[in-house]
Amino acid sequence: MAPASGELVAVSDLVHVAQTDLVNWVLIAGADGVVLIDAGFPGQRGEVLASLRQLGYHAADVTAILLTHAHIDHLGTAIWFAAEYGTPVYCHADEIGHTQRDHLEQASVAALAMHAWHPRWLTWAVRILGKGALIRAGIPSARVFTEDVGATLPGRPIAIPTPGHTGGHCSYLVDGLLVSGDALVTGHPTSGRRGPQLLPSVFNHDEAACRRSLDALAMLETDVLIPGHGDVWHGPIRELTGRAALAGKT
Ligand SMILES: [Zn+2]
């Protein structure tokens with residue numbers, strides 16, 4: 001049976017995923033606190049805090065937030081953590097400007113409106129508006145994630161550059177598991193399919209780069225995928241990226 005929305009699922013001793021129907025985030029449990037990878041929509045703060053509580057942590061115990069990219073559904077509550085607790089927020093060097101909101105790489109309302117005839121898209125749009133999808137705040141204090149930073153964190157996360165969905169998107173390998181953000185997902189409220197796939201192209205900054213990033217992920221040694229949207233998926237990563245590459249071709 002699928003877990004209730006936001007209920008934590010342990011993927012390894014250290015790594016837990018909170019899966020909601022809108023977006024997922026990951027908790028890496030350490031002895032001295034907890035690291036988040038991605039942080040939900042701004043309006044999901046209650047769910048993020050509830051997921052921390054399930055492991056016995058409070059907001060002040062979050063020692064770092066790693067972003068796969070700076071779209072509002074992944075960066076959302078990190079704005080609050082950074083402002084309220086001074087929590088360090090890290091992303092790939094090429095995503096810093098986006099995270100600080102020097103620019104915004106989000107699909108425009110006009111582009112999304114093209115899909116509004118479809119009930120699935122319309123339902124999703126109404127729901128995310130209620131979660132703060134139009135908030136334009138960034139995180140001015142965002143820092144570049146480096147190997148040295150990763151070496152100090154539980155699970156020793158390593159960034160894997162996977163540009164395409166945004167210009168500076170990265171995935172993370174942590175404790176042998178792949179946290180792929182939106183470079184490779186297994187579902188999305190606007191998608192009728194389950195299984196490895198790219199997001200609909202309207203969401204992607206550079207579709208060709210997305211496909212090249214799938215090739216980069218295929219080189220990794222892992223058989224557990226924790227995507228930014230959809231279910232945790234098991235299988236040789238090369239097989240999953242291959243399925244995603246085919247899924248986009250209709
Ligand atoms: Zn995204």
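Just follow the structure's listing: the first ligand is 1, and inside any ligand the first atom is 1. Atom set for the values below is all heavy atoms of this structure, side chains included, hydrogens, waters and symmetry mates excluded.
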Please give the atom name: the N, O or S atom of His71 nearest to the Zn ion (ligand 1). ND1

If I take every N, O or S atom of His169, is at least one of them less than 2.8 Å from the Zn ion (ligand 1)? no

Quick one: report the N, O or S atom of His165 that is nearest to the Zn ion (ligand 1). NE2

Can you give me the NE2-the Zn ion (ligand 1)-OD2 angle for His69 and Asp182, to 10°? 90°

Evaluate side chain to side chain contact (heavy atoms under 4.5 Å, CB included) for Ile158 paired with Val174, printing each intermediate quantity in order. CA-CA 6 Å; Ile158 297 167; Val174 53; over 6 Å; no

Do His98 and His103 touch side chain to side chain, with heavy atoms closer than 4.5 Å? yes

Could you verify whether a donor N or O on one side chain and an acceptor N or O on the other, from Asp182 and His169, lie under 3.5 Å apart? no

In the single-linkage hydrophobic clustering (I, L, V, M, F, W, Y; side-chain heavy atoms under 4.5 Å), do Val34 and Trp80 co-cluster? yes

